[in-house]
Amino acid sequence: MRTSGNYALIPARGGSKGIPGKNVRVLHGHPIIAYSIMAARLCSNIDRVIVTTDSQDIADLALAYGAEVPFLRPVELATDNSPAIDFVMHTLEALAVSEKAHPEALTLLLPTTPLRLPDTIDAAIGEFRKNTEATGMRSAHELAEPPQKMMCIEGGYLSGFFPDDPRPEYYNLPRQTFPPAYHPNGYIEIMRTASIIETGTLYGPRVMPWITDPVVELDAPQDFDYLEFSIDRRPHPLIDQLDQLMEAPNG
């Protein structure tokens with residue numbers, strides 16, 4: 001088995017109920033998936049850029065933007081309820097069978113967090129490589145409010161999520177009372193392959209944090225509008241790279 005490097009893995013299934021066609025929806029002239037592909041291609045710490053999809057149309061689009069699509073994902077691994085570990089394991093198994101290839105690590109770049117900086121990705125991978133005890137890394141940003149301040153509805157009335165907290169109305173305490181809380185945001189997620197195979201989990205027991213500024217994730221149609229507005233105000237460097245690729249003779 002040939003073991004080599006860090007592969008970027010970009011998941012992009014064809015179906016999406018929340019935002020139909022989400023992974024190929026155009027953002028400032030380019031499909032969403034193109035941003036993750038270009039960011040990965042510009043990283044010196046990424047050796048291959050692989051898209052896993054069940055859609056031939058998405059596969060063709062990924063190829064046009066410079067990614068590899070060495071195989072299609074089975075449709076049963078691309079449903080609304082398919083856990084991420086399924087397509088990750090499928091990728092590792094398919095690479096082992098078809099190429100006798102075994103990456104040391106996978107860097108997961110979700111298309112729904114499109115505005116990344118390659119230098120930031122490279123820096124995160126560099127820090128992960130230094131920590132040989134870490135089994136994974138996840139990017140996250142600090143939440144404005146900790147989960148202890150959030151509410152649920154029980155029996156038609158608002159209630160706290162932590163009924164075992166002995167403090168009366170603990171959810172009304174100042175946010176500074178609670179430790180900082182962080183939201184994983186999909187900017188970068190790194191998985192050590194040996195840990196995936198050993199534990200059957202994505203990140204394993206020792207997950208390094210990579211703290212970023214707040215990140216917009218594309219979960220609802222209005223998120224696209226916000227990103228378009230943001231790009232109009234401050235153009236993102238990936239767009240120039242994508243424009244140049246598509247304007248090239250073989251783009």
Side-chain angles (χ1 to χ4, degrees), residues 4-12 22-23 27-28 30-53 61-63 65-69 84 87-88 91-92 95 101 103-142 182-196 202-204 206-219 223 227 230-231 234-245:
S4 63
N6 186 317
Y7 295 3
L9 184 61
I10 301 171
K22 175 172 59 179
N23 290 311
L27 174 69
H28 217 79
H30 299 279
I32 285 298
I33 191 174
Y35 288 81
S36 297
I37 293 171
M38 181 56 71
R41 291 182 60 191
L42 294 172
C43 289
S44 59
N45 284 332
I46 287 178
D47 302 292
R48 296 177 66 178
V49 183
I50 294 175
V51 168
T52 168
T53 182
L61 194 60
L63 290 169
Y65 278 93
E68 298 180 52
V69 190
F87 71 72
V88 169
T91 298
L92 293 176
L95 286 172
E104 294 176 1
L106 294 175
T107 294
L108 190 66
L109 299 177
L110 303 178
T112 47
T113 306
L115 300 186
R116 301 178 176 90
L117 294 174
D119 287 348
T120 301
I121 299 172
D122 270 336
I125 295 172
E127 289 301 309
F128 180 71
R129 285 175 171 169
K130 292 177 186 177
N131 188 341
T132 57
E133 297 299 316
T135 53
M137 172 186 274
R138 298 190 77 180
S139 63
H141 58 255
E142 186 174 350
Y182 298 89
H183 171 65
N185 56 32
Y187 195 108
I188 182 171
E189 301 184 351
I190 308 174
M191 302 160 282
R192 207 177 296 279
T193 305
S195 175
I196 297 172
L202 290 176
Y203 310 106
R206 296 177 297 279
V207 186
M208 291 179 63
W210 182 259
I211 305 306
T212 70
D213 292 333
V215 170
V216 176
E217 300 171 77
L218 297 174
D219 295 320
D223 296 330
L227 277 188
S230 299
I231 293 171
R234 182 182 299 177
H236 195 276
L238 283 179
I239 295 174
D240 284 342
Q241 297 288 339
L242 290 166
D243 289 344
Q244 291 172 28
L245 176 67

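For reference, positions follow the sequence shown, starting with 1.
- A distance of 6.5 Å separates CZ of R116 from CG of L110, quoted to the nearest 0.5 Å.
- Side chain of T53 to main chain of A12: a donor-acceptor pair is present (N/O by atom type, distance under 3.5 Å, no hydrogens or angles).
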Exercise. How far apart are the C-alpha atoms of L115 and V216, what are their side-chain angles, what is the distance that settles it, and do they pass the side chain to side chain contact (heavy atoms under 4.5 Å, CB included) test?
Worked result: CA-CA 8 Å; L115 300 186; V216 176; over 6 Å; no
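- The two residues M191 and L202 come nearest to each other via the heavy atoms CG-O, 3.1 Å.
- In this structure, P118 and C43 approach most closely via the heavy-atom pair O-SG, 3.6 Å.
- Looking at I211 and E142, their side chains never come closer than 4.5 Å, going by heavy atoms from C-beta outward.
- The two residues V207 and Y203 come nearest to each other via the heavy atoms CG2-CB, 3.6 Å.
- In this structure, R192 contributes its side chain and A134 its backbone to a donor-acceptor pair below 3.5 Å.
- Using modelled atom types and a 3.5 Å distance limit, the side chains of H30 and Y65 yield a donor-acceptor pair.
- Test T113, T120, T212, N185 against S139 for side chain to side chain donor-acceptor pair (under 3.5 Å) and you get one pass: N185.
- Side-chain contact between R206 and T135 is present, with at least one heavy-atom pair separated by less than 4.5 Å.
- For the atom pair I46 CD1 and I125 CD1, the distance stands at 4.0 Å (nearest 0.5 Å).
- Atom CD1 of I50 sits about 8.0 Å away from atom CG of L106, to the nearest 0.5 Å.
- Of all non-hydrogen atoms in E68 and R48, the two that sit nearest each other are OE1-NH2, 2.6 Å.
- A distance of 6.5 Å separates CG of D219 from NZ of K22, quoted to the nearest 0.5 Å.
- Under the 3.5 Å distance criterion, the side-chain polar atoms of N45 are matched with a main-chain donor or acceptor of D122.
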For this session: Starting from the C-alpha separation in whole Å, work towards a yes-or-no answer on side chain to side chain contact (heavy atoms under 4.5 Å, CB included) for Y7 and L95.
Result: CA-CA 11 Å; Y7 295 3; L95 286 172; 4.0 Å; yes
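- Between Y187 and H141, the closest side-chain pair of non-hydrogen atoms is not below 4.5 Å.
- By the 4.5 Å heavy-atom criterion applied to side chains, I10 and V49 are counted as neighbours.
- Taking OG1 of T91 as the start and CD1 of I196 as the end, the distance is 9.5 Å to the nearest 0.5 Å.
- Contact detail for D47 and G5: the closest heavy-atom pair is OD2-CA, 3.1 Å.
- Nearest heavy-atom pair across P184 and Y182 is CD-O, 3.7 Å.
- Put simply, the side chain of I188 reaches to within 4.5 Å of the side chain of T107, judged on heavy atoms.
- Under the 4.5 Å side-chain criterion, counting only non-hydrogen atoms from C-beta, P114 is in contact with L27.
- When side chains are defined from C-beta on, N6 counts as touching R129, because their heavy atoms get closer than 4.5 Å.
- Within the 4.5 Å cutoff, side-chain heavy atoms of P103 are placed close to those of L92.
- Interatomic distance, M38 CE to D243 CG, rounded to the nearest 0.5 Å: 9.5 Å.
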